[in-house]
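Notes follow the structure.
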Amino acid sequence: PNVPYYIDANVKLTQSIAILRYLGRKHGLVARDETGLVRQDLVEQQLLDYRTGFYQIVHNKDNFESTKAKYITETLPQQLDQLSKFLGSHQWFVGQTLTYVDFLAYETLDWIRVLSAETVKKYHNLVQYLDRFENLPQINAYLKKCKDCESTTVMVYPAILDISQKGKGIGIDYYDIHPEYQKGNTVDKAFDVALIKLETEFHFSRPTANGPPYRTANSICLPVRDIRNEREEYARVAGFG
């Protein structure tokens, strides 16, 4: 199947929005009247348009800085104006009911916040919205899990085949760890590797300033629960692309 995919008994789905809608219906995270359904459909499609534009910016490797600057000064204020006015004084984008589109909205706004936090801060109701979402009990618990193993001292080393390059690594922005990792006081080897977001990107198979292309990268093997990684901890993984 395509990625992402979702399997729930006899239900087999691909396409991220189809999965999101299904989970919304299954868990009662959908609008409950026609007015709410109209708002739900509208904001979903509007967010998808925003996300498409965002993708075009961040994947523009040749002109990223110039397109980013134009996006922040010209496009982003218009989009955030629209979202801010649509949200108004409501708790959630459909009204007073949390729905699946709020998960889509939070993710989109969080991406934008990473790109231009100062722009997002100008819209007080959107900032309050982000805080409100992050303080939902289940979301708050999940975010805390990500922080349990967070450490700004950990480095990821492209091309660490030469150990003498230690100290020239890339810092980690945050961890996204498997929920099963938190269940015990010792590492379950099936879940002790974290997905990580780097502070700076690098590319496999592309010539570097120091010479040949990167062929390997170091991911993080998590230590015992609640113990922070040390700078020396690393695990080599192969990659390309």
Side-chain angles (χ1 to χ4, degrees), residues 4 15-21 23-24 29-31 33-136 139-140 142-143 146-147 150 152 170-174 176 195-203:
Q15 298 296 336
S16 56
I17 297 301
I19 294 169
L20 193 58
R21 289 175 180 171
L23 292 172
L29 295 169
V30 290
D33 56 36
E34 188 61 28
T35 300
L37 288 168
V38 170
R39 289 181 64 90
Q40 178 179 283
D41 293 347
L42 193 156
V43 73
E44 176 197 288
Q45 295 304 306
Q46 195 68 36
L47 287 167
L48 292 180
D49 286 348
Y50 294 165
R51 290 160 74 94
T52 299
F54 186 88
Y55 294 149
Q56 292 173 349
I57 299 299
V58 299
H59 290 292
N60 188 337
K61 298 176 182 177
D62 296 326
N63 301 295
F64 173 71
E65 291 300 331
S66 60
T67 54
K68 172 188 171 183
K70 185 175 180 180
Y71 173 77
I72 291 173
T73 58
E74 298 180 14
T75 304
L76 191 54
Q78 296 178 21
Q79 294 179 347
L80 294 182
D81 278 343
Q82 292 174 346
L83 277 181
S84 179
K85 290 175 181 177
F86 190 82
L87 178 63
S89 60
H90 297 301
Q91 274 200 315
W92 308 109
F93 274 103
V94 165
Q96 302 307 113
T97 302
L98 180 72
T99 68
Y100 73 88
V101 293
D102 291 299
F103 290 78
L104 191 66
Y106 174 81
E107 183 180 54
T108 305
L109 287 168
D110 191 43
W111 290 352
I112 293 171
R113 182 168 55 177
V114 171
L115 191 70
S116 180
E118 292 303 315
T119 306
V120 176
K121 287 179 182 178
K122 296 176 182 178
Y123 299 89
H124 299 299
N125 66 335
L126 295 181
V127 173
Q128 292 171 345
Y129 172 85
L130 289 166
D131 290 341
R132 190 179 305 122
F133 188 91
E134 290 172 351
N135 282 303
L136 291 168
I139 298 297
N140 187 258
Y142 171 78
L143 293 174
C146 295
K147 293 178 180 177
E150 187 175 6
T152 57
I170 300 172
I172 293 174
D173 190 1
Y174 65 80
D176 188 3
L195 180 67
I196 57 176
K197 178 183 176 183
L198 301 179
E199 293 177 334
T200 305
E201 70 174 18
F202 71 90
H203 301 272

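Quick note: numbers below take in every heavy atom, side chains included, and nothing from hydrogens, waters or symmetry partners.
- When all heavy atoms are compared, the tightest approach of G36 to A31 is C-CB, 3.2 Å.
- Two rings, from Y55 and W111, have their centers less than 6.0 Å apart.
- Of all heavy-atom pairs spanning L47 and V101, the tightest one is CD1-O, 3.9 Å.
- In this structure, the side chain of T67 engages the main chain of F64 through a donor-acceptor pair within 3.5 Å.
- We find the CD-NZ distance between E118 and K121 to be 4.5 Å, quoted to the nearest 0.5 Å.
- Between T75 atom OG1 and K68 atom NZ the span is 14.5 Å, to the nearest 0.5 Å.
- Nearest heavy-atom pair across V120 and V127 is O-CG2, 3.6 Å.
- For the pair R21 and Y100, the cation-pi test (distance below 6.0 Å, angle within 45°) is failed.
- Side-chain contact between L76 and S116 is present, with at least one heavy-atom pair separated by less than 4.5 Å.
- The OG1 atom of T108 lies 10.0 Å from the CD atom of Q79; values are rounded to the nearest 0.5 Å.
- Residues Y71 and Q56 have side chains that never bring a donor and an acceptor to within less than 3.5 angstrom of each other.
- The backbone N or O of T99 lies less than 3.5 Å from a partner atom in the side chain of D102, making a donor-acceptor pair.
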Could you go through residues 91-98 and list every donor-acceptor pair under 3.5 Å that involves a side-chain atom there, pairing it with any protein atom two or more places apart or in another chain?
none

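- The neighbour count for Q15 CD, taken as heavy atoms of other residues, nucleotides or ligands under 6.0 Å away, does not exceed 12.
- F133 and F103 have their aromatic ring centers within a separation under 6.0 angstrom.
- In this structure, CG on L42 lies 6.5 Å from CD on Q46, to the nearest 0.5 angstrom.
- Under the 3.5 Å distance criterion, the side-chain polar atoms of Y123 are matched with a main-chain donor or acceptor of P77.
- For the pair E134 and R113, the salt-bridge criterion is met [side-chain N within less than 4.0 Å of a carboxylate O].
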